[in-house]
Novice: 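Below you'll find the structure I mean.
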Amino acid sequence: MTQATAAKFDQYSQLNDDDCDERIYAAKQALKGRAIILGHHYQRADVYKHADLTGDSFKLSKLAGQADARYIVFCGVHFMAEVADILSQPEQVAILPDMAAGCSMADMANLAKVERAWSELSQVLDPDQHVTPVTYVNSAADLKAFCGEHGGIVCTSSNANKILDWSFAQRSKVLFFPDQHLGRWSGHSMGIAPDEMQVWDPDEWLGGLTPEQIDAARILLWKGHCSVHQMFQPQHVLKFRNQHPEGLVISHPECRFEVCKLSDHVGSTEYIIETIREAPPNTRWLVGTELNLVNRIAEELRPQGKIVQFMSPLICMCSTMNRIDPQHLAWCLENLVEDNVVNAIQVPDRDKQLARQALQRMLDVS
Ligand code: 13P
Ligand code: SF4
């Protein structure tokens with residue numbers, strides 16, 4: 001097949017959403033089984049509705065590995081499309097409709113800093129003997145490769161406890177990056193005491209810890225966080241409890257510890273949706289996660305008399321997830337109709353192999 005020259009995004013940026021909608025539907029028809037669209041639960045409504053399959057990061061990782069379409073169009077953020085590239089077959093292509101859709105938490109750790117932490121740790125103990133590196137899936141592929149190389153593993157918000165169990169069966173300590181909150185909450189749920197979890201500040205020598213603190217720690221928590229989930233505060237939960245004593249609170253484990261502690265349920269985006277869906281009619285919920293998800297579930301469940309409220313009085317959306325808009329999706333799909341690939345995500349081969357090991361360990365353990 002001869003390839004037409006790829007259409008430039010400029011031609012799409014001025015399209016209105018209705019025109020994009022029509023063009024997306026038509027492109028999907030034309031592509032038939034050649035492309036699959038995966039959509040994370042945080043995607044905006046006008047993109048989410050075009051997804052063939054939706055899920056949390058874990059479910060989407062598995063779906064990407066099982067997909068048989070040539071093109072995997074990932075409506076999510078960069079690390080998710082990287083995972084799709086790592087777990088898919090060599091002839092498949094993972095595509096991120098807007099390359100600016102990153103994750104600010106993932107950017108809080110990088111290979112240079114993690115390698116430095118590893119080498120600083122070796123001043124106190126042999127990390128390859130005593131420390132399992134665990135990276136949250138919200139991280140760049142080279143960090144997953146680091147974990148693959150050093151006997152470590154990847155986790156998501158839906159399997160962190162199982163992954164920590166596995167990690168402690170390998171070595172006595174865990175270096176958990178980049179989200180301190182998921183690490184702390186998971187450690188707490190497994191019964192690990194607060195003083196056995198120390199925050200590792202990558203900008204300080206030895207993470208800002210003493211050798212004694214490192215020795216006593218079971219989990220070293222990388223000093224990273226999600227700026228969206230950081231917005232939810234204990235006082236939001238307390239106010240809700242006061243106004244609606246019968247109400248239920250559900251949070252994502254990226255929320256700070258105090259918020260998780262005050263919640264009735266804590267879990268991944270898929271878990272949050274399923275828990276509220278399965279709840280009895282006429283229940284009221286306060287939800288600590290991204291606004292697109294909360295709005296969607298509130299609308300879906302209103303007919304059952306369920307009231308679903310967003311936890312923060314401020315509007316806080318994941319601005320990078322929101323980068324994927326109908327214009328970018330229409331642009332990618334129409335190019336694919338002509339077999340022009342735009343915005344392919346290609347993890348370098350060495351990283352891919354090692355990162356796949358760490359991801360495969362996760363899939364096996366889960
Ligand atoms: P989930 O794995 O729960 O979908 O979360 C991904 C994420 O980025 C939450 O901020
Ligand atoms: Fe990253 Fe937070 Fe956005 Fe999730 S909500 S993708 S952790 S910035």
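We count ligands from 1, going down the list as the structure has it; atoms in each ligand are counted the same way.
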Novice: Tell me which part of Val77 gets within contact of ligand 1: side chain, backbone, both or neither, using heavy atoms under 4.0 Å.
Specialist: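 It is neither part, as no heavy atom is under 4.0 Å.
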Novice: Could you tell me if any non-hydrogen atom of His41 lies under 4.0 Å from any atom of ligand 1?
Specialist: no
Novice: Just let me know how His40 lines up against ligand 1, side chain, backbone, both or neither, with a heavy-atom cut-off below 4.0 Å.
Specialist: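 Near ligand 1, His40 shows its side chain, while the N, CA, C and O stay back.
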Novice: Quick check: Trp222 with Phe176 (ring centres under 6.0 Å apart)?
Specialist: no
Novice: May I ask whether Thr156 has any heavy atom positioned less than 4.0 angstrom from an atom of ligand 1?
Specialist: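 Not so, Thr156 does not reach ligand 1.
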Novice: By number and element, which atoms of ligand 1 are closer than 4.0 Å to a non-hydrogen atom of Ser268?
Specialist: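 Those atoms are 3 (O).
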Novice: Polar-atom distance check: Ser157 versus ligand 1, any N or O pair below 3.5 Å?
Specialist: yes
Novice: Can a non-hydrogen atom of His229 be found less than 4.0 Å from any atom of ligand 1?
Specialist: yes
Novice: Kindly indicate, with the supporting measurements, whether the criterion salt bridge (charged side-chain N to carboxylate O under 4.0 Å, His left out) is fulfilled by Lys144 and Asp351.
Specialist: CA-CA 8 Å; Lys144 295 183 177 83; Asp351 284 348; over 6 Å; no
Novice: N/O of Glu270 under 3.5 Å from N/O of ligand 1, yes or no?
Specialist: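 Checking ligand 1 against Glu270, no N or O pair falls under 3.5 Å apart.
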Novice: Using a cut-off of 2.8 Å, how many protein N, O or S atoms lie below it in distance from atom 1 (Fe) of ligand 2?
Specialist: 1
Novice: For ligand 1, which atoms have a heavy atom of Thr269 less than 4.0 angstrom away?
Specialist: 1 (P), 3 (O), 4 (O)
Novice: Applying a 4.0 Å heavy-atom criterion (strictly less than), which segment of Glu290 is in contact with ligand 1: side chain, backbone, both, or neither?
Specialist: neither
